[in-house]
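Here is the structure we will look at, set down as structure tokens.
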Number of protein chains: 2
Amino acid sequence: MPARRADARRNVGKLLDAADAAFRDHGTGAPLEPIARRAGVAIGTLYGHFPNRRALARALLRERHDALFARGDRLAEDPPGPALAAWIRAVAEHAAVYGGLAEMLAAGLDDEASELHDDCARMSALTDRLLARAHAAGAVRPEVTSSDVLTLTTAAAWTRAQSAAQADRLLDHALRGMLAP
Amino acid sequence: MPARRADARRNVGKLLDAADAAFRDHGTGAPLEPIARRAGVAIGTLYGHFPNRRALARALLRERHDALFARGDRLAEDPPGPALAAWIRAVAEHAAVYGGLAEMLAAGLDDEASELHDDCARMSALTDRLLARAHAAGAVRPEVTSSDVLTLTTAAAWTRAQSAAQADRLLDHALRGMLAP
DNA sequence: ACCTGAACACCGTTCAAGT
DNA sequence: ACCTGAACACCGTTCAAGT
């Protein structure tokens with residue numbers, strides 16, 4: 001972390017607050033100029049701190065992602081089957097804070113150049129780990145792969161942007177089909 | 001169908017061909033000006049025939065939707081459980097011809113003013129009918145609702161835009177959780 | 001009855017000039 | 001070291017003028 005001028009640090013804080021509000025209201029595709037205006041800075045200042053939308057999202061998700069990773073680590077101590085289910089639900093719920101975030105995270109996993117790639121890879125690694133435990137305990141059907149779990153998670157996150165209740169029901173059905181009979 | 005000047009009819013045909021190619025390549029959000037140019041007409045001509053993107057999509061999907069509805073009607077004669085599963089797979093496959101179509105159809109079902117509403121309502125009605133048959137035959141778990149089925153269908157269609165194979169596997173797992181044990 | 005394309009609005013992004 | 005905001009590019013949409 002380089003030394004920053006105090007006004008610059010304040011501006012970053014105000015930009016993140018404004019971006020959070022805008023992303024909540026209009027999704028991750030929200031216009032950037034109103035965000036800068038709402039933060040009381042010029043549009044160039046926003047670009048000076050965040051070269052693109054993904055960099056802004058990454059900063060915005062920092063704390064939230066760290067909390068999610070901690071949750072994943074804790075779940076690795078719980079009974080394998082329910083722990084995997086709880087993890088999937090937690091990620092799906094997280095990826096629905098902003099409309100369009102599910103797409104952004106799915107893309108970030110594939111694109112190594114994405115500012116979100118590291119975070120996505122970490123989520124993926126936690127999924128692998130929790131799934132491997134569930135397999136070892138015989139809690140999941142043997143044919144279920146890590147990709148299957150990630151796909152379900154993103155699909156549920158995308159659904160959640162339309163209806164949280166329906167996303168939960170989709171998870172109920174799909175998990176019933178994935179967990180051991 | 002009002003009488004049309006021959007050149008107007010030709011233009012509509014060329015616009016639909018160009019739009020189909022553009023939607024396939026860049027999804028339903030593809031820029032409209034290149035579509036008009038590719039069709040050899042001015043942008044105003046496109047707007048003259050199709051007041052908005054949904055109207056263009058509706059025209060583009062006409063034949064395809066009619067074929068889908070016919071498929072649904074035929075499936076209503078088949079064994080209820082497999083028929084429902086086949087219908088879900090057919091709709092999911094259809095809604096993935098263009099990127100972004102899954103979202104468009106999901107929105108069209110809720111929005112009565114949408115040019116796509118009628119088509120979406122008909123898909124929904126066919127889903128209801130096939131699900132009711134499956135329930136009557138005891139082929140589906142009793143708690144499965146029509147919304148559950150529509151949600152799964154759209155989620156699978158959305159997934160399909162990224163990976164067809166993963167979408168199929170999602171359907172495998174979710175259907176296993178929805179069909180009677 | 002239909003077509004043209006200039007015109008306007010809007011937004012993302014850059015960068016020269018300023019402090 | 002950071003900020004400003006004009007400038008440019010791009011695209012959706014409208015509409016007066018033309019055939």
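This structure is a prediction, so every number in the text was calculated from the model and none was measured. All chains are named by letter (A, B, ...) in the order of the sequence lines, taking the proteins before the strands, and each is independently numbered beginning at 1.
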What string of B, S and - do you get for nucleotides 14-19 of chain D 5' to 3' if you count protein non-hydrogen atoms under 4.0 Å?
BB----
Candidate nucleotides [options], ranked by approach to the side chain of [X] - the nearest:
X	options	value
Val41(B)	dC3(C), dT4(C), dC3(D)	dT4(C)
Asn11(A)	dC3(D), dT4(C), dG12(D)	dC3(D)
Ala8(A)	dC3(D), dG12(D), dT4(C)	dC3(D)

Applying salt bridge (charged side-chain N to carboxylate O under 4.0 Å, His left out) to Arg38(B) and Asp17(B), what does each step give before you reach the verdict?
CA-CA 9 Å; Arg38(B) 188 165 176 165; Asp17(B) 286 348; over 6 Å; no
CA sep, side-chain torsions, deciding dist, call: Arg37(B), Glu33(B), salt bridge (charged side-chain N to carboxylate O under 4.0 Å, His left out)
CA-CA 6 Å; Arg37(B) 199 175 348 124; Glu33(B) 202 279 333; 2.8 Å; yes
Partners of Arg133(A) by side-chain hydrogen bond (donor to acceptor under 3.5 Å, both in side chains), sequence neighbours excluded?
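Scan of Arg133(A) (side-chain hydrogen bond (donor to acceptor under 3.5 Å, both in side chains), adjacent residues dropped) gives none.
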Side chain His135(A), main chain Val144(A), donor-acceptor under 3.5 Å
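Indeed, once roles are kept as given, a pair shorter than 3.5 Å links the two residues.
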Please check if the side chain of Thr28(B) supplies one atom and the backbone of Gly99(B) the other of a donor-acceptor pair under 3.5 Å.
yes
Stems formed with participation of DNA chain C [Watson-Crick or G-U wobble, under 3.5 Å, three or more pairs]
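Stems for DNA chain C, defined as runs of 3 or more consecutive pairs: C:4-8 with D:12-16, C:12-16 with D:4-8.
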Please list, by residue number, the residues of residues 15-39 of chain A whose heavy atoms come closer than 4.0 Å to an atom of DNA chain D; answer none if no residue qualifies.
none
Taking atom CD as the centre, does Glu63(A) end up with more than 12 heavy-atom neighbours from other residues, nucleotides or ligands that are less than 6.0 angstrom away?
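Incorrect, the count does not exceed 12.
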Using a cut-off of 6.0 Å, state whether more than 12 heavy atoms not belonging to Glu112(B) lie near its atom CD.
no
To the nearest Å, how far apart are [X] [atom1] and [N] [atom2]?
X	N	atom1	atom2	value
Arg9(B)	dC3(C)	CZ	P	12 Å
Arg10(B)	dA1(C)	CZ	P	18 Å
Leu56(B)	dT13(D)	CG	C1'	14 Å

Run the ring-ring contact (aromatic ring centres under 6.0 Å, His included) test against His94(A) and tell me which residues pass, sequence neighbours left out.
His65(A)
Non-neighbouring partners of Trp87(B) that pass ring-ring contact (aromatic ring centres under 6.0 Å, His included), sequence neighbours left out:
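In terms of ring-ring contact (aromatic ring centres under 6.0 Å, His included), with neighbours along the sequence ignored, Trp87(B) is linked to no residue.
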Run the numbers on Asp20(A) and Arg24(A) for salt bridge (charged side-chain N to carboxylate O under 4.0 Å, His left out), then give the verdict.
CA-CA 6 Å; Asp20(A) 179 62; Arg24(A) 278 180 196 278; 3.1 Å; yes
Looking only at side-chain N and O atoms, does His49(A) come under 4.0 Å of OP1 or OP2 in dC2(D)?
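So the side-chain polar atoms of His49(A) never come under 4.0 Å of the phosphate oxygens OP1 or OP2 of dC2(D).
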Can Asp7(B) and Lys14(B) be said to form a salt bridge (charged side-chain N to carboxylate O under 4.0 Å, His left out), step by step?
CA-CA 10 Å; Asp7(B) 58 340; Lys14(B) 284 191 290 185; over 6 Å; no
